[in-house]
Amino acid sequence: MKPDDAFLVHVSASESREIHAFLLDPRTGGLDLVEAIDVPGTGAPTRGNIPLAWSRDRKTLYAQVRIDPFPLSAFRLDPATHTLRLIDTCDLPAPMAYLAPTLDGRFLLGASYDGAMLTVNCIEADGRIALPCAQTIPTPPKAHCILEAPFGGVVYATSVDGNVILAYRLDEASGRLAAAEPAATAMRPGSGPRHLVFHPALDRLYCVNEHAGSLAACRVDRASGALEELQWESLVPPDFSGNALGADIHVTPDGAFLYASVRKTHAIVAFRIDPATGLLSRAGVFEVEAYPRGFAIDPNGRFLLCAGVQSNHVGVYAIDPGTGGLAALGRYPAGKRPSWIEIVPAHA
């Protein structure tokens, strides 16, 4: 395998407070360890997860430890060695459950579960984060995800206990967010919207719901940003009760399949996506690493990598291009309580 043909995989582990970096072979799905580095923070294990986000130019990786004083670290990628070098650490006003840059790469968005707030920070030319925050916005309880829509100008965020998806207009000059109209879309009672993903070609937004262990497919109105539920699917067995702890959601790059994880069932549920309507049909349920809080799909859409919080391993699964089925290929140690995965081309 030539390193420039490979993909870089970064896995953050909350209890050991470190990031494991691997090279992913795009032909076999094999992982080769590049390094394991510490994430700056206090000596206590961080609660929840360590969210990761790449800058749009893929030169800087951001990670935050969710323990007071909530340090956000910026790591610069060495393109020759594929290793990370810490360039800056700054303290945010709250612990973030999710980090995401805006499409233009000028601002870093954050969603705080514990702080019930959203944040906007300017990104400096060298990748460092500017302080103080350009904006902080209070939300209903337990904000968990924030993303700019692929068509630009509209930002969506989830509130697990508020049971809504929030919508904001983005001022691309200042990075400031203003409530859209409508400002919120209520989900079905007891849902607990957690993570979001957009279809790569259609105006469709998909949401995995934490409490209900369910999935909602929504139509997106580009003009207003309004959402309309088109479909709702359960991700848990009919006799399941309690908090399902639905977790993560991703779509293959070609838009053919969607996957969502449920921690309580140690499973990922696969759906085929209708290329015309964006509606979903179930493709299967697949056992993965125990307590699958986070997973990712490689840019070629051939492999799904899943972090097992309870197994302390990352599992690699081949995606069947015809059925969407998952076949286990290998598993690799990735620190204590791994829970977030990012995959980018190594040559980027």
Side-chain angles (χ1 to χ4, degrees), residues 7 9 11 24-31 145 147 149-151 156 158 193-210 212-220 227 229-237 244 246-263 265-289 292-308 314-331 340-345:
F7 296 112
V9 176
V11 184
L24 169 65
D25 190 310
R27 293 171 291 276
T28 68
L31 294 182
C145 176
L147 286 175
F151 51 83
Y156 296 94
T158 59
R194 177 182 169 93
H195 277 195
L196 304 171
V197 69
F198 289 91
H199 190 280
L202 304 174
D203 291 336
R204 299 291 182 265
L205 176 66
Y206 303 98
C207 176
V208 65
N209 296 308
E210 178 171 329
S214 62
L215 172 66
C218 300
R219 175 187 290 116
V220 181
L227 302 176
E229 183 187 295
L230 298 176
Q231 187 177 2
W232 184 94
E233 295 285 340
S234 176
L235 303 174
V236 296
D248 207 1
I249 184 169
H250 293 280
V251 171
T252 53
D254 62 2
F257 298 102
L258 177 147
Y259 299 87
S261 64
V262 182
R263 285 170 282 178
T265 64
H266 307 307
I268 286 179
V269 185
F271 293 87
R272 184 185 299 276
I273 303 176
D274 185 287
T277 66
L279 295 179
L280 307 170
S281 57
R282 188 176 292 251
V285 180
F286 303 93
E287 184 176 345
V288 292
E289 294 291 329
R293 185 185 180 111
F295 68 96
I297 297 170
D298 82 279
N300 288 341
R302 295 188 58 194
F303 306 106
L304 183 150
L305 280 64
C306 178
V314 168
V316 181
Y317 305 85
I319 298 174
D320 186 303
T323 67
L326 300 179
L329 296 177
R331 55 198 306 265
W340 196 287
I341 303 178
E342 291 289 329
I343 308 176
V344 296

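Throughout, numbering of the chain's residues begins at 1 and tracks the sequence. It should be emphasised that the depicted structure is a prediction, and the values quoted were computed from it without experimental measurement.
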Whether the E233 and Q231 side chains hold a donor-acceptor pair (N or O, under 3.5 Å, no angle test) is what I'd like checked.
yes
Are D248 and S261 linked by a side-chain donor-acceptor pair shorter than 3.5 Å?
no
I need the [X] [atom1] to [Y] [atom2] distance, nearest 0.5 Å.
X: L304; Y: F286; atom1: CG; atom2: CZ; answer: 10.5 Å
X: F257; Y: L326; atom1: CZ; atom2: CG; answer: 10.0 Å
X: R331; Y: C306; atom1: CZ; atom2: SG; answer: 10.5 Å
X: L205; Y: L196; atom1: CG; atom2: CG; answer: 5.0 Å
X: F303; Y: D298; atom1: CZ; atom2: CG; answer: 6.5 Å

Do any N or O atoms from the side chain of [X] and from the backbone of [Y] form a donor-acceptor pair under 3.5 angstrom?
X: N209; Y: A212; value: no
X: T158; Y: C145; value: yes
X: D254; Y: A256; value: yes

Do the ring planes of F198 and F151 sit parallel (below 30°), tilted (30 to 60°) or perpendicular (above 60°)?
perpendicular
Specify whether F295 and H250 have parallel, tilted or perpendicular ring planes, treating 30° as the upper limit for parallel and 60° as the lower limit for perpendicular.
perpendicular
Are the charged groups of R219 and E229 less than 4.0 angstrom apart, N to O?
no
Nearest atoms (heavy-atom pairs only) where G324 meets Y259:
O-OH, 2.7 Å
I need the minimum non-hydrogen distance between G278 and R204, along with the two atoms involved.
CA-CG, 4.2 Å
